[in-house]
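Written below as structure tokens is the structure these notes are about.
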Amino acid sequence: MRVLFSSTPQHGHLLPEFPLARAFRDRGDEVAFLTSAGFASLFADEGFTHLPVGPEIDVLLAEAARLAGVSDPTQPSPAAAAELFASARINLTGDEAVAAARAFAPDLVVVEGTDYVGPLVAAVLDVPYAKLALGPAIPAEFTSVFDAVAALRYRERGLTVPAPTWNLDPCPALLQAPGWEPPRGHLPIRAEAHRGAGAPKTAAFVPTSDRAKVLVSFGTHFTEPAVLRPLVGALSAHADLVVAVGLTATAADYEDVSGGVEIVGFTPLADLLGGVDLVVTHGGAGTTMGALSRGVPLVVVPQGADQFVQAGAVAASRTGVAVMPPAGPEAVAEAVREALGNAEYRDNARRAAEQVAAAPSPGEIAERLAAAIG
């Protein structure tokens with residue numbers, strides 16, 4: 001088959017598609033990714049075809065802010081988020097994406113949960129598509145606005161927004177909101193912590209003391225030293241830390257931190273979870289699902305975007321503790337003490353990991369979708 005993946009140009013939206021993309025590639029299918037040019041090296045490492053379309057995320061965010069009349073479109077507002085995912089991206093990427101996809105001629109399109117360009121391609125080319133959720137279901141107060149704005153943009157092109165044939169869901173039931181109902185075409189898929197290209201690595205936290213081992217990871221783009229440095233100072237008194245500084249900082253920003261703290265650059269999450277007792281995170285869906293797939297409890301400190309959804313799900317499921325802004329570093333340190341000192345969080349995180357492990361693997365899902373398409 002020829003399988004086209006489509007994603008908002010952000011690591012947190014793109015990387016959760018990789019396990020399924022690898023499964024199709026390993027079957028012998030032709031796999032291509034439809035997103036901005038800035039990810040070329042990532043796809044080259046994996047052996048995926050890259051169809052570079054549309055502007056980078058900074059341009060899209062600026063356009064979304066202009067359309068919504070806000071200064072910061074990353075803050076969780078339904079209107080601002082809709083202008084990003086369902087307006088700015090369609091307007092600035094849609095036509096180019098359709099042209100590139102037409103040349104690739106996919107049999108199947110796979111989109112991440114907030115992508116409306118992939119469904120546009122599927123509608124124009126009349127091919128089925130699967131929607132891959134990133135984490136717990138996004139509240140209807142957001143998705144209803146997304147869908148309404150997308151409907152307008154599609155209507156301008158003489159189209160209606162097609163429904164996905166399959167809704168792929170990596171989220172364990174433990175983290176879904178009370179009353180959640182599976183959507184039509186629901187298929188669980190096993191969540192995985194992001195790993196690099198090639199064979200999985202087995203790197204583990206190297207103990208330097210008998211204290212708890214804590215990974216501090218705020219993803220790729222929420223890692224400004226102004227945010228992380230105060231947390232590192234507050235937490236280092238209570239645990240040994242590995243601090244992943246993503247793509248917006250370097251180890252040089254932390255040259256004066258005390259002992260018991262290891263600073264690492266952008267590193268696949270799978271390479272950081274071995275031997276870890278707790279993850280302190282901004283609550284990106286990939287980090288949250290990846291940590292829970294290994295049974296590691298969390299302290300979630302949301303910074304923006306959909307991170308408040310993950311924070312609420314973690315708190316409600318008692319797989320960790322949520323620390324909502326404007327709480328400061330000492331509140332996070334107290335949450336770490338609570339999460340490490342109460343076995344309930346560890347037990348619930350292990351329950352979540354059991355639910356993740358019971359879901360079909362990406363390989364099994366690839367086979368099922370291929371069989372359905374014929």
Side-chain angles (χ1 to χ4, degrees), residues 11-12 15 191-196 200-303 307 310-311 314 319-323 329-341 345-346 349-350 353:
H11 286 82
L15 296 181
E192 296 181 4
H194 171 62
R195 63 172 174 83
K201 298 180 181 178
T202 58
F205 201 128
V206 178
T208 57
S209 73
D210 59 0
R211 300 197 304 170
K213 313 302 186 292
V214 174
L215 170 64
V216 180
S217 175
F218 275 45
T220 51
H221 294 286
F222 287 87
T223 56
E224 291 82 359
V227 173
L228 287 189
R229 282 183 64 91
L231 291 181
V232 171
L235 299 183
S236 61
H238 307 286
D240 287 345
L241 308 178
V242 166
V243 182
V245 297
L247 299 174
T248 59
T250 68
D253 295 307
Y254 297 84
E255 285 181 336
D256 58 340
V257 297
S258 60
V261 179
E262 179 184 356
I263 306 297
V264 298
F266 175 63
T267 304
L269 181 63
D271 295 348
L272 298 174
L273 287 172
V276 166
D277 299 303
L278 180 74
V279 174
V280 177
T281 176
H282 63 318
T287 305
T288 303
M289 294 298 103
L292 290 177
S293 76
R294 304 288 186 90
V296 181
L298 303 120
V299 168
V300 183
V301 189
Q303 304 295 300
Q307 296 152 26
Q310 276 73 247
V314 165
T319 53
V321 181
V323 183
E330 288 306 320
V332 178
E334 177 57 34
V336 166
R337 288 192 290 270
E338 164 69 13
L340 289 172
Y345 299 108
R346 184 170 57 253
R350 289 172 178 167

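Since the structure is predicted, the reported quantities are computational estimates derived from the model, not experimental observations. Start at 1 with the first residue, then count along the sequence.
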Legend entry - Check against side-chain contact (heavy atoms from CB on, under 4.5 Å), F218 and L231: CA-CA 11 Å; F218 275 45; L231 291 181; 3.5 Å; yes
Inset, instruction - Could you go through the side-chain contact (heavy atoms from CB on, under 4.5 Å) check for L272 and V279 one step at a time? - result: CA-CA 10 Å; L272 298 174; V279 174; over 6 Å; no
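Remark: T281 engages no residue in a side-chain hydrogen bond (donor to acceptor under 3.5 Å, both in side chains) (not counting sequence neighbours). Among residues two or more places apart in sequence or in another chain, the side-chain contact (heavy atoms from CB on, under 4.5 Å) test is passed with A353 by none. Applying the salt bridge (Lys or Arg N to Asp or Glu O under 4.0 Å) rule to R350 yields no partners; only residues at least two apart in sequence or on another chain are considered. Under the side-chain contact (heavy atoms from CB on, under 4.5 Å) criterion, A349 pairs with L292, P297, not counting sequence neighbours. Remark: E338 engages no residue in a salt bridge (Lys or Arg N to Asp or Glu O under 4.0 Å) (not counting sequence neighbours). Under the side-chain hydrogen bond (donor to acceptor under 3.5 Å, both in side chains) criterion, R211 pairs with D240, not counting sequence neighbours.
Considering every non-hydrogen atom in both V214 and A239, the closest pair reads CG2-CB, 3.6 Å. Across all their heavy atoms, V242 and V264 have their closest contact at CG1-CG2, 4.1 Å. Heavy atoms only, all atoms of each residue included: L273 and A193 are closest at CD1-CB, 3.9 Å.
With V336 as reference, V299 is the one residue of D277, V299, V323, V216 to meet the side-chain contact (heavy atoms from CB on, under 4.5 Å) rule.
Atom CG of residue L269 and atom CE of residue M289 lie 12.0 Å apart, to the nearest 0.5 angstrom. A distance of 10.5 Å separates CG in L340 from NZ in K213, rounded to the nearest 0.5 Å. Between H282 atom NE2 and L298 atom CG the span is 11.5 Å, to the nearest 0.5 Å. A distance of 11.0 Å separates CD in Q310 from OG1 in T319, rounded to the nearest 0.5 Å.
Although no hydrogens or angles enter the test, the distance criterion places no donor-acceptor pair under 3.5 Å between the side chain of S293 and the main chain of A291.
Side-chain contact between L241 and V280 is absent, with no heavy atoms from C-beta onward closer than 4.5 Å.
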